[in-house]
There are 2 protein chains.
Amino acid sequence: MGRNLPNLNSIRAFEAVARHLSITRAAKELNVTQAAVSHQIKALETRMGVMLFRRHNKGLLLTKEGQAMVQPMTNAFDMIADATNLILNNEVQILKVSMLGSFAAGWLMPRLAGFYAEYPNIDIRILVTSKEFDFLKAGDVDLDLRYGDGKWPHVDSQKFMSEEIFPVCSPALLKGDIPLNSLDDLSQHVLLHDHKDIGWKEWLDDAGVKGIDYSRGPGFFQSHLTLQAAALGHGIALGRMPLVSESLQRGELVKPFDISLPTGMGYYMVNIDTTSDKSKIRAFTNWLKEEVRIFEE
Amino acid sequence: MGRNLPNLNSIRAFEAVARHLSITRAAKELNVTQAAVSHQIKALETRMGVMLFRRHNKGLLLTKEGQAMVQPMTNAFDMIADATNLILNNEVQILKVSMLGSFAAGWLMPRLAGFYAEYPNIDIRILVTSKEFDFLKAGDVDLDLRYGDGKWPHVDSQKFMSEEIFPVCSPALLKGDIPLNSLDDLSQHVLLHDHKDIGWKEWLDDAGVKGIDYSRGPGFFQSHLTLQAAALGHGIALGRMPLVSESLQRGELVKPFDISLPTGMGYYMVNIDTTSDKSKIRAFTNWLKEEVRIFEE
DNA sequence: CTTGGCGATAAAATTAATTAATTCTTCATA
DNA sequence: TATGAAGAATTAATTAATTTTATCGCCAAG
């Protein structure tokens, strides 16, 4: 059906300008600059070979040709919007994603509202896993956000974030009696440990700090508890980067030094349900990658 | 009216694919590659968070969601196309353009069909001028395509093509008894002259040919007659580039050498009617510039 | 087994859209 | 009249979106 459609984006711009009779206001509605809309209108007029607006003292007026276009275009766009919204509102998709609780609480959850706003038809169900994803119970999960080194045989994974570690402590500790200005001051403080492979030893080595007994201080079996202890001012913990994001954001923890060390570990997306309906998964993974991009810049 | 419209180009691609139930056929209709349409569909599905087609062994099938979208989208695009065509077919614009007859015949006319095809609502009326455009009678011309050096005081002109000169002769002459292989062979031939400032002397100087009496041979008062004489095999003329374009195209004349000399003269667009309805003028001048671009590449 | 048709994909290239920074116009007001 | 404010137009540059090219994989028909 060889229709001879004009450029649809120009038409959209035209329709908005015609409703407002103002390029500036149309630009606001379309969330672009006034210049962008002006360009679109000019291009459309050139392509049609007809002026659509009469430029006037105060504002614009539609020409006869412009007049004739407004109503059909408005109707057409309403139609498109209605059909789209029907699907976006009625067809709620459920996307089941598994991940570590620490990742959910420390990084993902606070961002998820943005996803809901952008994809009102996709409902994310978070399944919290303890350590490694249990393949045997994988039947009802679409996507796994997995922590590790990416070396899982026969698993098609895609990295989306790298882990980094750096010291964190409560802001009160910084203002306390014991100074924490130089790296050497660390020796005066309690070091809090978690039970991960890369820890204080590696960070101190990387930072070039010598003569500190990196093994002293209490250890916790969950990173979460270590961070809590740090937030309570009990000492200095090694924060892990996506995980401490929220605590830093809220000011519960601060970064006394700006030296951070990649641990070689990271977060990976693993597609579990390889059957149909890839679109909801793509929608989520694209959004996730974009959030990471923003987070890291 | 903050509608939440999806990307309109994807929607157009979707509508075409849905009608054909084939990406390849839709791509043909849209005059793009199959890959382009595939990308658009994927992007739309991702953005909607819903699969619109079920990929099948043979061809595609619409999903429930896809089904729901087709009819409204088809209607919407029909509406847009109808409104557009109404203007394009009913509102015929007349654009009056003046130019030298030699330019019209030698370059513009054969291309004009392309303009009519692209802008069915704009009717070009060509007014042939003899030498210089007569400003006193300018009232009923929108645009002047003027030949010269561009130095017209108080005239807002924009160059769109440069003139170049080079020898041309009839193809029969090349096959004749007198050879025309090297520049020196020119001395064996009749040189045909027109009455322009830059001519055989300048071209021969530029080509580094010495010892040829550049003034011998008959002269004609109109370039057109000079070229006609050359086409009849009466000798070798200096062709001027936009003007001999058609004769070269049709094979009436050929270029024995590949040395061409810019004369410093050229063709300029001069806006005469500065009042309203710039769009038809822009449509024509944009098209003209594009034709020149294609011509010169 | 091959072959051919069709869709998906990745990377690169090309186009189109957008912005930032001005400029131009047209009043309204000092 | 100046002067300034508000909105549209413009230009050049940048950024984003689209398209292509080339290739792969799948499946069905020979």
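Residue numbers begin at 1 in each chain, while the letters A, B, ... track the order of the sequences. Values in this document were obtained by computation on a predicted structure and should not be read as measured data. The figures that follow rest on heavy atoms only: side chains count, while hydrogens, waters and symmetry mates do not.
Here the C1' atom of nucleotide dT9(C) and the CD1 atom of Ile41(B) are 15 Å apart, to the nearest Å. Atom pair Arg12(A):CZ and dT18(C):P shows a separation of 8 Å (rounding to whole Å applied). In this structure, CG of Leu21(A) is placed 14 Å from P of dG7(D), rounded to the nearest angstrom. The CZ atom of Arg47(B) sits 16 Å away from the C1' atom of dA17(D) (whole-angstrom rounding). As a whole-Å value, the separation of Phe53(B) CZ from dA8(C) P is 10 Å. As a whole-Å value, the separation of Leu8(B) CG from dA17(D) C1' is 14 Å. dT18(D) atom P lies 17 Å from atom CZ of Phe14(B), rounded to whole Å. Protein atom CG of Leu61(B) is 15 Å distant from nucleotide atom P of dC6(C), rounded to whole Å.
In this structure, Phe53(A) and Phe14(A) have tilted ring planes: the angle between them lies in the 30° to 60° band. Between Tyr267(A) and Phe103(A), the ring planes are parallel. Angles under 30° get that label, and only those over 60° would be called perpendicular.
In this model, the phosphate group of dA9(D) is approached by a side-chain N or O of Arg55(A) to a distance below 4.0 Å at OP1 or OP2. Distances shown here put every side-chain N or O of Lys42(B) at or beyond 4.0 Å from the OP1 or OP2 atom of dA8(C). Regarding contacts with the backbone of dT18(D), a side-chain N or O of Asn9(B) is found under 4.0 angstrom from either OP1 or OP2. Taking 4.0 angstrom as the limit, Asn31(B) places none of its side-chain polar atoms (N or O) nearer than this to OP1 or OP2 of dT19(D).
Of the candidates dT19(D), dA9(D), dG7(C), dG7(C) carries the atom nearest the Thr24(B) side chain, counting heavy atoms from C-beta on. When distances run from any side-chain atom of Ala36(A) to the nucleotides dT19(D), dT10(D), dT18(C), the shortest one goes to dT18(C). Distances from the side chain of Thr33(A) to the nucleotides dT19(D), dA20(C), dT10(D) place dA20(C) closest. Here the nucleotide nearest the side chain of His39(A), chosen from dA10(C), dA9(D), dA12(D), is dA12(D). For Ala35(B), taking side-chain heavy atoms from C-beta onward, the closest of the listed nucleotides dT21(D), dG7(C), dA20(C) is dT21(D). Ranking dT20(D), dA8(D), dA8(C) by closeness to the Leu60(A) side chain, first place goes to dA8(D).
Ion pairing between Arg293(B) and Glu290(B) holds under the 4.0 Å rule for side-chain N and carboxylate O. Between Arg47(B) and Glu118(A) there is a salt bridge, since at least one side-chain N of the basic residue sits less than 4.0 Å from a carboxylate O of the acidic one.
Interface remark: the Gln40(A) side chain does not form any donor-acceptor pair with the dA17(C) base, using a distance-only criterion of under 3.5 Å.
Position along DNA chain D of the nearest nucleotide to Val37(B) versus Ser38(A) favours Ser38(A) as the more 5'-ward residue. For the pair Glu45(A) and Asn7(B), nearest-nucleotide mapping onto DNA chain D gives the more 5' position to Glu45(A).
Aromatic ring centres of Phe284(A) and Phe115(A): separated by under 6.0 Å.
Judged purely by distance below 3.5 Å, without hydrogens or angles, the side chains of Tyr119(A) and Gln93(A) never pair a donor atom with an acceptor atom.
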